[in-house]
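We use all heavy atoms of the structure for the numbers below, so side chains are in, but hydrogens, waters and symmetry mates are not. Below, read A as the first sequence line, B as the second, and so on, with proteins coming before strands; counting in each chain starts at 1.
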Number of protein chains: 2
Amino acid sequence: MTNNIEMEKTEMTEAEWAIMEVVWDNAPCAAGTVQEALTESKGWAYSTVKTTMDRMVKKGLLRIEKIRNLQLFSPCISQKQARTGEFRKMLTRAFNGAMTPMMQFLLDNEKLSKSEIVALKKLVEDKLK
Amino acid sequence: MTNNIEMEKTEMTEAEWAIMEVVWDNAPCAAGTVQEALTESKGWAYSTVKTTMDRMVKKGLLRIEKIRNLQLFSPCISQKQARTGEFRKMLTRAFNGAMTPMMQFLLDNEKLSKSEIVALKKLVEDKLK
DNA sequence: TTGACAACTCTACATTTGTCGAATATATTT
DNA sequence: AAATATATTCGACAAATGTAGAGTTGTCAA
């Protein structure tokens with residue numbers, strides 16, 4: 001294992017991420033709520049959203065609590081966990097897990113703006129205090 | 001589009017990454033070479049590797065040049081392009097594309113070692129010169 | 001020439017993911 | 001209660017992915 005507690009499978013597809021974000025913001029929430037929130041950006045049918053969410057429950061990404069006839073979904077993993085997972089996957093895959101080379105790559109290739117670099121400098125300095 | 005030239009689809013599955021790495025190191029190379037290189041870590045049959053590589057050709061990730069009866073594969077995207085793609089996907093998904101918040105998150109949560117932070121500080125300072 | 005191989009082609013099949021519609025069950029409103 | 005609006009359940013089906021065996025063909029050494 002690479003690190004600490006938070007270690008469930010956090011792999012998500014693009015569709016699942018989209019749903020997850022809505023759930024993070026609205027949980028506990030119904031499938032219909034999610035479907036509505038994504039109407040503009042995705043235009044998915046209710047059943048598309050519901051099917052995907054049900055599959056996410058099976059995978060342990062979401063959980064359902066039933067209130068009378070209503071199913072309310074909540075996340076099983078936090079946004080922070082998901083971010084960590086996403087970041088580490090990228091780091092492992094693309095940089096063989098090596099943080100410094102990854103940073104080097106970023107600075108060299110991703111054309112950060114001056115202000116982004118200055119902000120980063122500040123973050124780093126604070127960290128060293 | 002988020003940035004500059006290099007903008008083909010670089011999305012790859014885990015299996016495709018594994019293959020791609022071997023190809024980057026050995027191109028132009030035959031499917032058998034890749035299969036052998038991955039024997040230990042993956043244990044895939046020749047046909048598994050070959051099928052996947054053929055699909056990668058169709059997707060534009062690899063290209064074949066035929067020398068008499070031999071097919072030699074080469075990458076259509078560079079490692080750098082793939083790294084960029086992978087990084088940006090992560091940034092978009094998990095941090096809404098915002099670089100500084102992502103850095104903040106890293107510093108706050110990924111427990112970098114002191115030496116990694118120092119190294120980063122140096123990288124940043126050099127960048128500002 | 002005859003094997004012994006190596007490489008390639010084809011086909012196949014199970015899972016996972018993307019997407020839904022139809023039928024059914026509930027709840028809410030006249 | 002009847003009609004209407006909501007949710008839920010159940011398939012379904014196509015495309016993408018993981019995985020590989022069987023058969024064909026070309027190659028090289030004995």
K.L.:
If each of A:Gly43 and A:Glu16 is mapped to the nucleotide of DNA chain C with the nearest heavy atom, which maps nearer the 5' terminus, i.e. the 5' end?
P.N.:
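With A:Gly43 and A:Glu16 compared, the 5'-side residue is A:Glu16.
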
K.L.:
Looking at C:dT9, C:dG21, D:dT8, which one has an atom nearest to any side-chain atom of A:Ala45?
P.N.:
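Output: C:dG21.
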
K.L.:
Counting distance alone, no hydrogens or angles: does the base of C:dG18 have a donor or acceptor under 3.5 Å from a partner atom on the side chain of A:Thr48?
P.N.:
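Donor-acceptor pair under 3.5 Å: no.
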
K.L.:
Tell me the interatomic distance from A:Ile19, atom CD1, to C:dT17, atom C1', rounded to whole angstroms.
P.N.:
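Whole-Å distance recorded here is 12 Å.
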
K.L.:
If you check every side-chain atom of B:Leu70, which of C:dA7, D:dG21, D:dT8 has the closest atom?
P.N.:
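Among the listed nucleotides, the one closest to the side chain of B:Leu70 is C:dA7.
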
K.L.:
Is a donor on one side and an acceptor on the other found under 3.5 Å between the side chain of B:Arg63 and the backbone of B:Cys76?
P.N.:
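Between the backbone of B:Cys76 and the side chain of B:Arg63 there is no qualifying donor-acceptor contact (under 3.5 Å).
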
K.L.:
Among D:dG18, C:dT19, C:dC8, which is the nearest nucleotide to the side chain of B:Lys50?
P.N.:
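Nearest to the side chain of B:Lys50 among the choices is C:dC8.
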
K.L.:
Provide, to the nearest angstrom, the distance between the CD1 atom belonging to B:Ile67 and the P atom belonging to C:dA7.
P.N.:
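These atoms are roughly 14 Å apart.
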
K.L.:
Within the structure, does a side-chain N or O atom of B:Ser47 lie under 4.0 Å from either OP1 or OP2 of D:dA22?
P.N.:
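Negative; the distance criterion is not met.
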
K.L.:
How long is the gap from CD on B:Gln104 to CG on B:Asn109, to the nearest 0.5 Å?
P.N.:
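Answer for the CD-CG pair, B:Gln104 versus B:Asn109, is 9.0 Å.
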
K.L.:
In this structure, are over 12 heavy atoms from other groups packed under 6.0 Å from B:Asn96 atom CG?
P.N.:
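No, not enclosed.
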
K.L.:
Using modelled atom types and a 3.5 Å cut-off, is there a donor and acceptor pairing between side-chain atoms of B:Lys127 and backbone atoms of A:Leu107?
P.N.:
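Between the backbone of A:Leu107 and the side chain of B:Lys127 there is a qualifying donor-acceptor contact (under 3.5 Å).
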
K.L.:
Considering only heavy atoms, which members of residues 51-66 of chain B lie under 4.0 Å from some atom of DNA chain D?
P.N.:
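B:Thr51, B:Thr52, B:Arg55, B:Lys59, in order of number.
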
K.L.:
Starting from C1' on C:dG18, measure out to CD on A:Gln35 and report it in whole angstrom.
P.N.:
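After rounding, the reported distance stands at 15 Å.
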
K.L.:
Which heavy-atom pair separates B:Trp44 from B:Leu38 by the least distance, and what is that distance?
P.N.:
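Where B:Trp44 meets B:Leu38 most closely, the heavy atoms are CZ3-CD1, 3.8 Å.
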
K.L.:
Hey, could you give me the CZ/CG distance between A:Phe105 and B:Leu123, rounded to the nearest 0.5 Å?
P.N.:
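If I round to the nearest 0.5 Å, the distance is 13.5 Å.
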
K.L.:
Take a 6.0 Å sphere around NZ of B:Lys59 and say whether it holds more than 12 heavy atoms from other residues, nucleotides or ligands.
P.N.:
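Check passes, neighbour count above 12.
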
K.L.:
Figure out the CG/P separation between B:Asn69 and C:dA6, and round it to whole Å.
P.N.:
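So the two atoms are 16 Å apart, to the nearest Å.
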
K.L.:
Hey, does B:Gln71 reach any base, or is it just sugar-phosphate, or nothing, if we go heavy atoms under 4.0 Å?
P.N.:
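Answer is sugar-phosphate: B:Gln71 comes under 4.0 Å of backbone atoms only.
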
K.L.:
Taking only the side-chain heavy atoms of B:Tyr46 (C-beta and beyond), determine which of C:dT9, D:dT8, C:dC20 contains the nearest atom.
P.N.:
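For the B:Tyr46 side chain, the nearest candidate turns out to be C:dT9.
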
K.L.:
Starting from C1' on C:dT16, measure out to CD on A:Glu14 and report it in whole angstrom.
P.N.:
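Between C1' of C:dT16 and CD of A:Glu14: 16 Å.
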
K.L.:
Atom CH2 of A:Trp44 to atom P of C:dT19: distance rounded to whole Å?
P.N.:
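Distance check: A:Trp44 CH2 to C:dT19 P gives 6 Å.
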
K.L.:
To the nearest Å, how far apart are A:Arg68 CZ and C:dA25 C1'?
P.N.:
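Roughly 13 Å, once rounded to whole Å.
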
